[in-house]
Participant: 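Mind looking over this structure? Questions follow.
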Amino acid sequence: MARILITGATGSLGRRVAALAVAAGHTVLGTHVRPWIDAVRGGAGPAISPIRLDIRDRDAVRDVVDAVEPDLVVHAAAGRDRNDWVTNADGAANVALACGDRVRLVHVSSDAIFSGRAGREYTEADLPDPIYPYGAAKAAAETAVRAIAPGAAVVRTSLILGDGNGGHEHLTYDLLAGRVDGALFTDEIRKPVHVDDLADALLEIGAGDFHGVINVAGADAVSRYDLGVLVAERDGLDVGKLRSASNSGRPGDIRLDTGLAAKLLHTRLRGAREFMRAG
C-alpha cells in the first residue's frame, strides 16, 4: 500500500480521491486551508490525516513533502477564486518543486487552457492557447510542472460533477433558486466527467509510471445549458426556469480527445447522460 498526499483534500475532487484511496487501504494525508471539519462533513472522513498548508508558500510545501515522505502526491488544490494566479499557477510550481524527481506527482489540469478555436477535439499534443485568466493560470501551471518534474503525469480534465457538489451543479441550483441572475451557454461545449471516475483515474495513473499529458474526461460532449438541464432533471427541479444564452466570451468548443485514456486506463469514463441517469 502507498503513502499518498492529496493537496486540496477539502475540495469536491480532493475529498473523493482521499475517500477512494482510504477505501483501497492506502495511508492518506490531505492538505487543507479551510477548517478540516468541513472536509470530514463532506465525506473525507477521520481516516485521513489533515495537514494545514497554503500551497502559495514554497518553503511550507517543501517542508510538508519532506516530512510526509509520500510515495504519491495528487495535486488537486485550486484557488477559491478562479482568477487566483498565485494559487493556481505558482502553487502548482511549488508542489512540483517539492516533488522534483523523487516523488511521483499527478497534477490536475483543465480544458480551460484551450481557446476552443480548433474546431475539433483537443489531443494531448495540442499546445495551450488560453483566452482568459483562469485558463492562462492553468496553462502556466502545466508548463511549470512539466519543466520542473518531467516524470509527472499532467491530467487534463473538464467539468467535474456528479455528486451534487460540482461547480456547475451549484450554479444550476443557484440559477433555479433565483440566488443568482444569469443563463447557461449553449455554445460552450465540454465533456463533463463524474467526480468518482476522475478520482479513480487519478489514483490509477498515480500507481503507474505514465508521465506527460493525458486527457481524462467523460464520453459525452454537451453544452453547459444541456448539462444544466440534465442536473435539473436528475434532481427533480423545474427545467423551464433555466435560461439559455450564447457568446459568453469564454472558450467555446473545448472537447478533449480521450483516446489515450481509453487505451491506458481500466477506469471507465462515463458520459454525462449515463451518470446523470444513474443518479
Side-chain angles (χ1 to χ4, degrees), residues 8 11-17 19-20 74 76 78 82 106-116 118-126 128 134-135 138 142 153-173 184-206 210 213-235 239 242 248 250-279:
S12 176
L13 176 59
R15 288 199 303 268
R16 294 308 300 151
V17 176
L20 291 171
V74 177
R82 288 171 67 86
V106 175
H107 167 76
V108 180
S109 188
S110 169
D111 56 9
I113 65 172
F114 295 118
S115 68
R120 56 167 174 76
E121 292 190 340
Y122 286 90
T123 73
E124 288 82 0
D126 284 306
Y134 175 69
K138 295 300 285 186
E142 274 199 17
V154 174
V155 178
R156 291 175 180 165
T157 192
S158 190
L159 298 177
I160 306 168
L161 69 166
D163 65 351
N165 289 313
H168 196 83
E169 288 165 303
H170 283 298
L171 174 58
T172 301
Y173 302 151
L184 296 175
F185 292 91
T186 58
D187 55 353
E188 289 189 9
I189 311 300
R190 308 289 188 266
K191 295 178 74 173
V193 65
H194 194 288
V195 63
D196 287 344
D197 296 348
L198 178 57
D200 275 331
L202 293 174
L203 290 173
E204 183 179 350
I205 291 167
F210 174 85
V213 176
I214 184 169
N215 294 336
V216 177
D220 295 337
V222 297
S223 72
R224 282 185 177 270
Y225 174 76
D226 289 338
L227 185 58
V229 170
L230 289 173
V231 171
E233 290 177 342
R234 180 197 65 186
D235 296 339
V239 174
L242 278 179
S248 67
R250 293 190 299 266
D253 182 353
I254 48 176
R255 293 167 293 148
L256 296 176
D257 181 312
T258 55
L260 179 60
K263 292 178 182 178
L264 294 182
L265 301 180
H266 295 291
T267 301
R268 191 170 74 87
L269 301 171
R270 295 168 291 169
R273 294 182 181 89
E274 177 184 350
F275 64 70
M276 285 298 182
R277 284 197 304 269

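No hydrogens, no waters, no symmetry mates; every other heavy atom, side chains included, goes into these values. Numbering of residues begins at 1 and proceeds along the displayed sequence.
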Participant: So how far is it from Arg190 CZ to Leu161 CG, rounded to the nearest 0.5 Å?
Facilitator: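 Reported to 0.5 Å precision, the distance equals 13.0 Å.
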Participant: At what distance, to the nearest 0.5 angstrom, does OG1 of Thr157 lie from CG of Leu13?
Facilitator: 8.0 Å
Participant: Looking at every heavy atom in both Ser110 and Tyr134, which two are closest together, and how far apart are they?
Facilitator: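 Answer, listing the atom of Ser110 first, then Tyr134: OG-CE2, 4.0 Å.
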Participant: Between Leu20 and Ala199, what is the shortest heavy-atom contact and its length?
Facilitator: CD1-CB, 3.5 Å
Participant: Using only heavy-atom distances, determine whether the side chains of Glu188 and Ser223 contain a donor-acceptor pair under 3.5 Å.
Facilitator: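 No, Ser223 and Glu188 have no side-chain donor paired with an acceptor closer than 3.5 Å.
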Participant: Quick one, Val222 and Pro192 - any side-chain contact, counting heavy atoms below 4.5 Å?
Facilitator: yes
Participant: Between Asp187 and Tyr225, do the side chains contain a donor N or O and an acceptor N or O under 3.5 Å apart?
Facilitator: no
Participant: What is the distance from atom CG of Asp220 to atom CZ of Arg270, rounded to the nearest 0.5 Å?
Facilitator: 11.5 Å
Participant: Checking His168 side chain against Leu159 main chain: does a donor-acceptor pair fall under 3.5 Å?
Facilitator: no
Participant: Is there a side chain to side chain contact (heavy atoms under 4.5 Å, CB included) between Glu142 and Ile113 once you walk through the steps?
Facilitator: CA-CA 9 Å; Glu142 274 199 17; Ile113 65 172; 3.4 Å; yes
Participant: Let's go through Ile205 and Leu265 carefully: what are the C-alpha distance in whole Å and the side-chain angles of both, what is the deciding distance for side chain to side chain contact (heavy atoms under 4.5 Å, CB included) to 0.1 Å, and is it a yes or a no?
Facilitator: CA-CA 8 Å; Ile205 291 167; Leu265 301 180; 3.7 Å; yes
Participant: Would you indicate whether the side-chain heavy atoms of Leu171 and Leu184 approach each other to under 4.5 Å?
Facilitator: yes
Participant: Taking all atoms of both residues into account, what is the closest heavy-atom pair of Ser109 and Val154, and its distance?
Facilitator: CB-CG1, 3.9 Å
Participant: So which heavy atom on Ala153 is nearest to which on Phe210, and how close?
Facilitator: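 Looking at all heavy atoms of both residues, the closest pair is CB-O, 3.7 Å.
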Participant: Can you tell me how far CD1 of Ile160 sits from CG of Leu198, rounded to the nearest 0.5 angstrom?
Facilitator: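 Going from the CG atom of Leu198 to the CD1 atom of Ile160 covers 5.0 Å.
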Participant: Would you check if the side chain of Asp163 reaches a backbone N or O of Asn165 as a donor-acceptor pair within less than 3.5 Å?
Facilitator: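 A pair under 3.5 Å: yes.
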Participant: Write down the atom of Ala272, the atom of Leu227, and the distance for their closest heavy-atom approach.
Facilitator: CB-CD1, 4.1 Å
Participant: Where is the tightest heavy-atom contact between His194 and Phe275, given as atom of each residue plus distance?
Facilitator: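 Taking every non-hydrogen atom into account, N-CE2, 3.4 Å.
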Participant: Which value, rounded to the nearest 0.5 Å, describes the distance between Lys263 atom NZ and Ile214 atom CD1?
Facilitator: 11.0 Å
Participant: With respect to Asp196, which candidate in Arg15, Arg268, Arg16 satisfies the salt bridge (Lys or Arg N to Asp or Glu O under 4.0 Å) definition?
Facilitator: Arg16
Participant: Could you go step by step and tell me if Ile189 and Ile254 meet the side chain to side chain contact (heavy atoms under 4.5 Å, CB included) rule?
Facilitator: CA-CA 6 Å; Ile189 311 300; Ile254 48 176; over 6 Å; no
Participant: Please evaluate residues Thr258 and Val216 with respect to the criterion side chain to side chain contact (heavy atoms under 4.5 Å, CB included), reporting the C-alpha separation (whole Å), side-chain torsions for both, the decisive distance (0.1 Å), and the verdict.
Facilitator: CA-CA 6 Å; Thr258 55; Val216 177; over 6 Å; no
Participant: Between the side chains of Arg255 and Asp253, is the shortest nitrogen-to-carboxylate-oxygen separation below 4.0 Å, so that they form an ion pair?
Facilitator: yes
Participant: Report yes if some heavy atom in the side chain of Pro251 is under 4.5 Å from a heavy atom in the side chain of Phe114; otherwise report no.
Facilitator: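 Pro251 does not reach Phe114 side chain to side chain.
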Participant: Got a second to check how far Ser12's OG is from Glu169's CD, nearest 0.5 Å?
Facilitator: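 Ser12 OG to Glu169 CD: 7.5 Å, rounded to 0.5 Å.
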Participant: Do any side-chain atoms of residues 118-125 form donor-acceptor pairs under 3.5 angstrom with protein atoms, and if so which ones, sequence neighbours left out?
Facilitator:
residue	atom	partner	partner atom	Å
Arg120	NH1	Asp126	OD2	2.9
Arg120	NH2	Asp126	OD1	2.8
Glu121	OE2	Lys191	NZ	3.1
Tyr122	OH	Gly116	N	3.0
Tyr122	OH	Arg117	N	3.3
Tyr122	OH	Ala118	N	3.3
Thr123	OG1	Ala125	N	3.2
Thr123	OG1	Asp126	OD2	3.4
Glu124	OE2	Asn215	N	2.8

